[in-house]
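Note that the coordinates shown come from a computational prediction; the quantities given were computed from them, not determined experimentally.
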Amino acid sequence: NGLVLYQKALALLPEDEELEIKIESINAERENWKQIVERFLDQAQNEEESSLKGHMFYSAAERVYKNHKRGKDIPVYLATALEAVPTQVKAARLLEKVLRERGKFDELADLYTNLAEHRRSKSERVQMLLASAQVYQSKLEDDELVEVTPTSLRLRKRLLKEHERRKVERSKKAATS
């Protein structure tokens with residue numbers, strides 16, 4: 001925590017006015033961050049211009065994340081920012097980070113898929129789809145796979161026919177008995 005380090009430095013240099021000012025500034029921000037977030041949200045709600053609206057929602061999310069990482073509204077603010085400006089890289093990166101930290105891998109895969117829709121080049125779209133596929137792949141059962149096409153992802157069983165799946169299951173049971 002930065003505040004603790006500034007306080008330790010001030011204990012070693014009690015006459016340092018810059019350190020005192022920095023500590024006061026951090027404390028003031030900690031006390032006022034909720035009011036700042038409310039202002040960002042109020043401005044965003046009333047904003048007609050989508051890029052400014054997206055920036056305001058991102059700024060609110062960033063401030064909440066900085067002061068209260070477990071804030072339940074962070075993903076909502078970031079998703080709203082991305083709805084307003086689908087190409088907003090900072091909002092996408094922070095949302096990715098939050099979803100990973102919270103273990104929300106299905107939502108992360110959906111994020112990548114949605115981001116792919118708004119990429120300009122084919123290679124960027126494929127890159128996002130592959131990222132989504134990797135998230136899905138890490139959560140797949142042994143009998144599932146992810147099919148990636150230039151426009152979408154599809155989760156499916158390795159063996160499409162039910163009777164083939166039952167046959168494999170029976171042979172696995174026979175092998176273990």
Side-chain angles (χ1 to χ4, degrees), residues 33-34 37-38 40-41 44-177:
W33 72 268
K34 289 180 184 176
V37 167
E38 288 302 319
F40 281 136
L41 293 174
Q45 297 292 340
N46 298 322
E47 185 58 50
E48 296 291 323
E49 208 272 298
S50 63
S51 65
L52 191 52
K53 182 175 191 160
H55 180 72
M56 291 295 163
F57 274 108
Y58 166 74
S59 296
E62 182 183 42
R63 189 65 51 127
V64 173
Y65 183 78
K66 182 178 178 183
N67 290 284
H68 183 61
K69 285 187 193 266
R70 300 300 302 165
K72 63 180 171 60
D73 292 330
I74 296 170
V76 174
Y77 299 157
L78 292 169
T80 306
L82 288 169
E83 283 175 21
V85 185
T87 57
Q88 190 176 32
V89 175
K90 287 182 179 180
R93 285 189 181 142
L94 184 55
L95 184 53
E96 175 186 8
K97 182 177 182 179
V98 168
L99 294 174
R100 281 189 185 281
E101 288 173 352
R102 296 180 183 188
K104 305 278 187 176
F105 296 107
D106 289 338
E107 292 176 33
L108 179 60
D110 290 342
L111 170 66
Y112 288 142
T113 302
N114 291 336
L115 290 174
E117 293 175 16
H118 300 286
R119 292 299 184 240
R120 290 192 177 122
S121 73
K122 185 176 182 178
S123 66
E124 289 176 321
R125 287 191 302 274
V126 169
Q127 183 180 10
M128 289 290 104
L129 290 170
L130 291 175
S132 184
Q134 288 173 341
V135 172
Y136 280 126
Q137 191 74 40
S138 68
K139 298 186 59 88
L140 293 179
E141 300 293 329
D142 290 340
D143 67 338
E144 296 175 321
L145 56 84
V146 176
E147 290 182 339
V148 180
T149 70
T151 57
S152 67
L153 294 174
R154 184 171 46 235
L155 180 66
R156 74 169 183 85
K157 295 287 188 182
R158 288 185 189 275
L159 301 173
L160 296 177
K161 297 179 180 169
E162 180 66 30
H163 73 279
E164 291 174 347
R165 290 196 296 269
R166 283 194 306 264
K167 183 178 177 181
V168 169
E169 192 63 35
R170 282 193 301 270
S171 65
K172 283 183 184 178
K173 285 181 183 177
T176 60
S177 349

**Complete:** Between the CD atom in Glu62 and the CD1 atom in Ile74, the distance rounded to the nearest 0.5 Å is 11.0 Å

**Request:** Locate the shortest heavy-atom distance separating Arg102 from Gly71; write the atom from each residue and the value.
**Result:** NH2-O, 2.8 Å

**Prompt:** Taking all non-hydrogen atoms of both residues, which atom of Leu95 and which atom of Ala79 are closest, and how far apart?
**Reply:** CD2-N, 4.4 Å

**Message:** Return the OG1 to CD distance between Thr80 and Gln45, rounded to the nearest 0.5 Å.
**Reply:** 8.0 Å

**Item:** For Arg100, side-chain hydrogen bond (donor to acceptor under 3.5 Å, both in side chains) partners two or more places apart
**Value:** Tyr112

**Asked** Please walk me through it: do Leu41 and Met56 pass side chain to side chain contact (heavy atoms under 4.5 Å, CB included)?
**Response** CA-CA 7 Å; Leu41 293 174; Met56 291 295 163; over 6 Å; no

**Prompt:** Atom NZ in Lys104, atom CG in Asp110: separation rounded to 0.5 Å?
**Reply:** 12.5 Å

**Prompt:** Do Lys34 and Glu38 sit within salt-bridge range, that is, some charged N less than 4.0 Å from a carboxylate O?
**Reply:** no

**Close side-chain approach of Leu111 to Leu99, heavy-atom, < 4.5 Å** = yes

**Side chain to side chain, Tyr58 and Leu78, heavy atoms closer than 4.5 Å** = yes

**Complete:** The reported gap from CG in Leu115 to OG in Ser132 (rounded to nearest 0.5 angstrom) is 9.5 Å

**Complete:** In this structure, CZ of Arg166 is separated from CD of Glu169 (nearest 0.5 Å) by 11.5 Å

**Request:** Please check if atom CD in Glu47 has more than 12 non-hydrogen atoms from other residues, nucleotides or ligands closer than 6.0 Å.
**Result:** yes

**Request:** Could you pull out the closest heavy-atom pair between Asn67 and Arg63, with the gap in Å?
**Result:** ND2-O, 2.9 Å

**Asked** If we ignore angles and hydrogens, is there a donor and acceptor under 3.5 Å between the side chains of Glu49 and Ser51?
**Response** yes

**Asked** Under 3.5 Å, is there a donor-acceptor pair between the side chain of Arg119 and the main chain of Met128?
**Response** no

**Request:** Return yes if some donor-acceptor pair links the side-chain N/O of Thr113 with the main-chain N/O of Ala109 below 3.5 Å, else return no.
**Result:** yes

Could you give the side-chain donor-acceptor pairs of residues 83-93 under 3.5 Å, partners two or more places apart or in another chain?
none

**Asked** What distance do Arg125 atom CZ and Gln127 atom CD have between them, rounded to the nearest 0.5 Å?
**Response** 12.5 Å

**Closest contact, heavy atoms only, Tyr77 versus Phe57** = O-CB, 3.4 Å

